[in-house]
Engineer: 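Structure provided below as structure tokens; questions to follow.
Chain naming here is simple, since letters A, B, ... match the order of the sequence lines and numbering starts at 1 in each.
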2 protein chains.
Amino acid sequence: MEAIKILHTNSGVGHDSYAKNSLLQQKAISTAWPIIKEALQDFCTHNIPTTFAIADLGCASGPNTLMIVSNLIKQLHHFYQNLPKQSLHYQVFFNDLPANDFNLIFRSLPDFLENLKTQIGDDFGPCFFNGVPGSFYGRLFPNKSLHFVHSSSSLHWLSQAPEGMEMENKGNIFIDSTSPENVIEGFRRQFQKDFSVFLKCRAEEVVAGGGMVVTMLGRTAKEHCYAFELFNLAMKKMVAEGMVEEEKVDRFNMPIFMPTPEEVKAEIHKEGSFMIKRLEVLRTRWNLYNNNSNEIDSSTGGVGIGSSYNVANCIRSVIEPIMTPHFGEPIVEQLFDRYKQIIRAEMFNKRSEFIFLTISLTTI
Amino acid sequence: MEAIKILHTNSGVGHDSYAKNSLLQQKAISTAWPIIKEALQDFCTHNIPTTFAIADLGCASGPNTLMIVSNLIKQLHHFYQNLPKQSLHYQVFFNDLPANDFNLIFRSLPDFLENLKTQIGDDFGPCFFNGVPGSFYGRLFPNKSLHFVHSSSSLHWLSQAPEGMEMENKGNIFIDSTSPENVIEGFRRQFQKDFSVFLKCRAEEVVAGGGMVVTMLGRTAKEHCYAFELFNLAMKKMVAEGMVEEEKVDRFNMPIFMPTPEEVKAEIHKEGSFMIKRLEVLRTRWNLYNNNSNEIDSSTGGVGIGSSYNVANCIRSVIEPIMTPHFGEPIVEQLFDRYKQIIRAEMFNKRSEFIFLTISLTTI
């Protein structure tokens with residue numbers, strides 16, 4: 001199963017779309033914002049490019065796509081406020097896999113620019129927007145053409161589930177603490193391979209001294225993501241009720257791996273092109289509204305406050321497109337109904353949180 | 001009426017889509033190909049960029065979008081065949097208005113690259129593809145970032161119909177020989193303004209000595225495009241039959257102007273950033289299959305041979321999206337039925353041809 005062919009979030013702006021269900025990802029960006037800001041500032045203190053080139057890798061299509069770009073441009077506009085007006089140009093690259101809904105992003109851009117003008121005045125330089133369809137586990141940009149790279153909630157997606165693991169991760173579609181050690185090891189190796197390729201490609205593309213901040217799902221101890229563990233439970237229920245064949249579940253592995261900070265560090269050191277400036281572990285509880293931060297301006301489009309409904313829907317908007325070809329449309333609704341019930345019951349469990357790793361890097 | 005908000009070809013790959021009805025535009029590219037090739041060769045003889053950056057402005061979304069890019073890459077691969085393998089990188093920018101169906105282009109790219117590999121081997125350098133949503137009557141790219149610009153069947157579209165012309169071009173939606181002189185003059189002025197802005201923007205974006213080849217609908221004498229004149233006739237029939245209000249027709253002007261070679265030359269000289277290397281008048285008869293050229297490889301997806309049906313459908317796929325908001329969905333089918341009948345009757349009229357101007361330019 002090659003993830004590049006099918007991996008994308010739910011398209012459009014409907015009820016189950018990613019655009020309407022991405023509060024968790026918004027929270028991840030918001031929590032990481034001080035680190036992003038710091039990385040930008042470090043670069044801006046020493047560099048004044050004619051055109052500041054930013055890439056958002058795995059940008060998806062929804063309010064977060066434009067929120068992060070809006071905040072990056074506003075921050076740069078602020079850092080460079082002493083330059084002559086309109087002298088700094090911005091080039092923004094929206095990257096995701098070819099199946100992403102780029103049309104949705106592109107059609108929002110005229111209004112987005114209008115909003116930006118009302119917020120910071122119209123004396124900021126021209127913005128050149130580009131969509132870049134392709135896997136970030138490969139080259140996407142010319143040599144030394146980017147000043148700053150951002151990626152959020154994307155790098156825990158592998159290029160593919162490790163080969164030879166079908167029928168090994170029995171009863172689960174996500175790896176979790178009940179998965180056999182050889183399966184976890186297979187996923188770890190795939191992560192190491194993919195992440196190393198990612199770093200190597202970016203090292204070619206980012207200018208010397210350029211910055212990169214990536215935020216991805218991670219874990220700290222041996223236990224894996226609780227929300228995904230519960231998803232395995234929902235799937236087991238479906239099997240027990242005879243609604244999904246057990247063999248279908250055994251055969252399917254979600255190409256996701258959540259590394260520990262140590263695993264991430266080890267790969268960065270081994271690959272050798274980047275220096276780690278920061279590596280932070282950020283925790284986000286499922287009931288997001290309890291600890292919402294206002295550090296980042298999310299006025300470009302919030303998605304409502306958190307609830308069990310939102311967590312389940314958020315996961316659904318991300319994993320439905322990759323699951324449906326394997327399991328078929330008919331079971332989707334029932335599966336996510338069960339998942340919602342389970343999530344609701346576990347809202348106050350101490351493990352009901354997502355762990356994100358934010359890593360701030362600079363080219364050596 | 002601001003064309004940028006609504007102007008796009010019919011989306012998708014259905015019966016009335018641009019993707020299925022773009023033989024005329026394919027023919028325009030094909031006929032202009034020797035001029036494009038010559039312009040590329042002139043540049044390649046004196047320059048070896050690390051990453052060769054090409055932009056296709058007004059690329060639409062259909063087989064032609066990829067056909068021209070395929071041919072450009074193959075040609076460059078040929079010109080630079082003595083360079084070390086894979087040392088030349090390609091960056092391709094697909095530009096069109098934000099409403100264009102970029103998703104369709106992006107989702108074709110993996111197969112497109114596979115096809116290219118089977119045709120020229122896999123020893124060509126990496127290709128970086130970018131979608132650039134925005135009007136080419138404004139800046140789209142950073143300073144001096146493009147080596148070659150191509151645009152076909154796009155520049156006869158104005159940024160908007162000239163202001164104050166509503167109710168002046170009575171009975172017509174296209175300007176034609178029956179339009180009042182002040183209307184034609186208004187459209188000419190709009191063309192001059194738009195084309196001059198186009199040149200000014202590209203002059204900033206194209207490297208010194210870079211090439212640009214544009215092909216657009218044009219005219220040679222006082223008479224305007226016959227196919228559009230006949231469209232006015234179809235519309236008049238609809239009015240006579242009481243199916244469209246006369247006032248609605250009077251109020252609507254299609255933002256299209258087909259300049260003469262002299263009008264184009266005058267603007268280029270006046271603007272002053274580009275030198276004209278060639279300006280050719282190319283004629284394409286409606287029954288395209290009679291004079292099809294094999295100069296260009298269109299194997300990436302032909303759309304079938306020409307017929308009255310094709311000419312009418314081709315026009316429909318381009319103008320339907322801009323007409324429908326004004327005239328409403330219900331009349332579209334009947335209008336184009338009448339248009340098809342008229343076109344069929346005129347297939348062998350000596351005026352049943354399109355005139356294209358192809359202009360090869362280089363920055364001074």
Engineer: How about residues 199-208 of chain B versus chain A: which residues have heavy atoms under 4.5 Å apart?
Structural biologist: none
Engineer: Hey, which of B:Phe94, B:Phe129, B:Tyr90 has the most heavy atom pairs under 4.5 Å with chain A?
Structural biologist: B:Phe129
Engineer: Among residues 137-148 of chain A, which ones touch chain B with a heavy-atom distance under 4.5 Å?
Structural biologist: A:Arg139, A:Leu140, A:Phe141, A:Pro142, A:Asn143
Engineer: Is the closest side-chain heavy-atom distance between B:Asn130 and A:Phe93 below 4.5 Å?
Structural biologist: yes
Engineer: Under the side-chain hydrogen bond (donor to acceptor under 3.5 Å, both in side chains) test, which residues partner B:Thr324, sequence neighbours left out?
Structural biologist: none
Engineer: Mind checking which of residues 48-56 of chain B sit less than 4.5 Å from chain A, heavy atom to heavy atom?
Structural biologist: B:Thr50, B:Thr51
Engineer: Hey, is the main chain of B:Asn103 close enough, under 3.5 Å, to the side chain of A:Asn103 for a donor-acceptor pair?
Structural biologist: yes
Engineer: Centroid-to-centroid, B:Phe102 to A:Phe106, below 6.0 Å?
Structural biologist: yes
